[in-house]
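These numbers come from the heavy atoms of this one structure, side chains and all, not from hydrogens, waters or symmetry mates.
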Amino acid sequence: MLADQDLAALKNLISFPRELVILSHRNPDGDAIGSSLAWSLYLQSLGHKTTVIFPSEYPEVFEWMPQSKDILIYDLQPQQAE
């Protein structure tokens, strides 16, 4: 759980629009994909520009999730992901 000062610091970091990158672990599962995309959508609703990058591909069964087609896969698109 976040301490009050950590929560305040996080609120401060996202208080004005930024370009943000959301990363996950290699071979992401549904939890990693869903939470990354949900975080991305939330941050976009606050005016941020987000990019979701996974190190490796994810199962096609999760392509129904909103903005899943926008995920960059480092193994396939290293220059874009850099």
How long is the gap from [atom1] on [X] to [atom2] on [Y], to the nearest 0.5 Å?
X: S56; Y: R26; atom1: OG; atom2: CZ; answer: 4.5 Å
X: I22; Y: L41; atom1: CD1; atom2: CG; answer: 8.5 Å
X: L72; Y: E82; atom1: CG; atom2: CD; answer: 11.0 Å
X: S36; Y: I71; atom1: OG; atom2: CD1; answer: 7.5 Å

Common cluster, [X]/[Y], ILVMFWY with side-chain heavy-atom separation under 4.5 Å:
X: L43; Y: I53; value: no
X: I73; Y: L37; value: yes
X: Y42; Y: I33; value: yes

Open item on the list: Restricting to non-hydrogen atoms, name the atom on A32 and the atom on S24 that form the minimum distance, rounded to 0.1 Å.
Closed with: CB-OG, 3.3 Å
- [ ] Please report the closest heavy-atom contact between Y74 and A81, naming both atoms and the distance.
- [x]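 Closest pair (atom of Y74, atom of A81, distance): CD1-CB, 3.5 Å.
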Task: side-chain contact (heavy atoms from CB on, under 4.5 Å) between V52 and Q67, intermediate numbers included - done: CA-CA 9 Å; V52 177; Q67 297 187 1; over 6 Å; no
TODO: Evaluate the ring planes of F54 and Y58, with Trp represented by its six-membered ring, and classify them as parallel (under 30°), tilted (30 to 60°) or perpendicular (over 60°).
DONE: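 Because their plane-to-plane angle is over 60°, the rings of F54 and Y58 count as perpendicular.
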Considering only distance and modelled atom types, tabulate donor-acceptor pairs under 3.5 Å from the side chains of residues 9-21, sequence neighbours left out.
residue, atom, partner, partner atom, Å
S15, OG, N12, O, 2.8
R18, NE, L13, O, 2.7

- [ ] Would you indicate whether the side-chain heavy atoms of E57 and D75 approach each other to under 4.5 Å?
- [x] no
